[in-house]
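Here's the structure we're looking at; comments come further down.
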Amino acid sequence: VVTHSLMLWQMLKARQIGQAWKLFEEMKLNGRVPDVIAYSILVAGFAKAGALQEARKVFDEMKEKGVAPNLHTYNGYLDGLVKTRQMEQACNLFQEMQENGTGADAYTYTTLLDGFVKVGRIQEARNLYQELNEKGCSPDVVTYSVLILGLRKGGQAKKALQILNKMKDVGCLPSVMTCNTVMHSLVKAGQMEAALNVFNEMKAGGIAPSVSSFNILLKGLGNWGQVDDACALFEELKASGEVPSEITYNTLIDGLGKAGRTEKAAELFKDMKEKRLAPTRITYNCLINVLAKAGQTDEALTLFEEMKVNGFVPN
RNA sequence: GAUGACCCCCUCC
């Protein structure tokens, strides 16, 4: 049974739903009796693959056969309901778990939280988060990340920062992406110092900033006209071993242009080409704007032609 | 041998 379970698990990870179903039938015909783990693998696997019907079937079958679903099984099925955005059903299942003594762990709460956050039911997500804490469940990295990523949409920079700080307090190491999300919110909210703070803390905490981290800050510094700081950060980026992307150049060119540093912007454009980074439509847009604003109409027109030659459609 | 997020984070208009 263990061997078969492993095979089922691998098939489901590869989303081979039909195959997994066949193997499951076969193993039963051969007289092997699936246990809780085997059933749970199937429920979770089908649920994750979006095959909720099969998950349901397996879930019912195990109950019929007298195999009691455990927390893993319920969590797997709950995930299926959440993935298909059936939040009412998910809540009912959660209720059932509490009533029949299965209980809930961090996985249960995080799965539900993720669902609420994804459908924009933030208040319910908050309540659930509170309940989780009251029940003495420890939120983990994933729980916190779900919250932070979920708060991304509504200008909730302060809140996101609070959660990030809490993560550090309890010793959860946030991922680079989670940090980036928070920095992005802060930059959008105009909280540049706070964003830089996060950046410094992540470095101090041993989390290596990615190109995107730099890009986010470059954009923020550009917005505030702090182009010298932006250039310094650009140097730091190159020194860090990360490779500047087209987006890095676009962002910096745009920032420099807005600050009236036309020559420096043009210089970067050259630098970009030397690095064999292909300018994008956005690069051209930025630089043309810069040149036009500086009254360098001829240069702007030249660039406009170059843009069309390279197959970009001006907007 | 089994369960959760991100992995379509960043740039012009």
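Both backbone and side-chain heavy atoms feed into the values below; hydrogens, waters and symmetry mates do not. Naming: A, B, ... by sequence-line order, numbering from 1 per chain.
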| request: Compare the minimum distances between each of B/C10, B/U3, B/A5 and the side chain of A/Tyr107, then state the nucleotide with the smallest one. | output: B/U3

| field | More than 12 heavy atoms of other groups within 6.0 Å of A/Lys83 NZ | value | yes

| message | If you compare every side-chain N and O of A/Lys83 against the phosphate oxygens of B/G4 (OP1, OP2), does one of them come in below 4.0 Å? | response | no

| Under 4.0 angstrom, heavy atoms only, what part of the nucleic acid is A/Ser145 near: base, sugar-phosphate, or nothing? | base

| said: Using ring centroids (six-membered ring only for Trp), state whether A/Phe116 and A/Tyr109 fall under 6.0 Å. | reply: no

| said: Over all strands shown, is A/Lys258 touching base, sugar-phosphate only, or nothing at heavy-atom distances under 4.0 angstrom? | reply: sugar-phosphate

| query | Using a cut-off of less than 4.0 Å, is there contact between a side-chain N or O of A/Lys293 and OP1 or OP2 of B/C12? | reply | no

| query | Does A/Lys48 have a side-chain nitrogen or oxygen under 4.0 Å from the phosphate oxygens OP1 or OP2 of B/G4? | reply | yes

| request: Answer with base, sugar-phosphate or nothing: what part of the nucleic acid does A/Asn223 contact at a heavy-atom distance below 4.0 Å? | output: nothing

| message | Looking only at the side chain of A/Val1 (C-beta and beyond, no hydrogens), which of the listed nucleotides B/G1, B/C9, B/U3 gets closest? | response | B/G1

| message | Counting only side-chain heavy atoms from C-beta out, which of B/C12, B/A2, B/C10 sits nearest to A/Asn215? | response | B/C10

| Looking for any heavy atom pair under 4.0 Å, which part of the strands does A/Ala47 touch: base, sugar-phosphate only, or nothing? | nothing

| message | Under 4.0 Å between a side-chain nitrogen and a carboxylate oxygen: does that hold for A/Glu246 and A/Lys273? | response | no

| Separation of A/Met87 atom CE from B/G4 atom C1', in whole Å? | 13 Å

| query | Are A/Lys13 and B/A2 close enough that a side-chain N or O sits under 4.0 Å from OP1 or OP2? | reply | no

| d(NZ, A/Lys188; P, B/C9) in whole Å | 13 Å

| request: Test for a donor-acceptor pair under 3.5 Å between the base of B/A2 and the side chain of A/Asn75, counting only N and O atoms. | output: no

| said: Quick test of your reading of the model: are A/Glu61 and A/Lys65 salt-bridged, counting only N-O distances below 4.0 Å? | reply: yes

| Say you pick atom P in B/C7 and the same atom in B/U11; how far apart are they, in whole Å? | 15 Å

| Steps toward ring-ring contact (aromatic ring centres under 6.0 Å, His included) verdict (A/Phe234, A/Tyr249) | CA-CA 9 Å; A/Phe234 184 56; A/Tyr249 280 98; 5.6 Å; yes

| How is A/Asn180 classified with respect to the nucleic acid when contacts are heavy atoms under 4.0 Å: base, sugar-phosphate, or nothing? | base

| Taking CG from A/Leu149 and P from B/C9, how many angstroms apart are they, rounded to a whole number? | 10 Å

| When we call it a touch if two heavy atoms are under 4.0 Å apart, what does A/Ser245 touch: a base, just sugar-phosphate, or nothing? | nothing

| message | Check this for me: does the side-chain of A/Thr111 come within 3.5 Å of the base of B/G4 through a donor and an acceptor? | response | no

| query | Hey, is the side chain of A/Asp105 pairing donor to acceptor with the base of B/G4 inside 3.5 Å? | reply | no

| message | Base, sugar-phosphate or nothing for A/Thr251? Non-hydrogen atoms, less than 4.0 Å. | response | sugar-phosphate

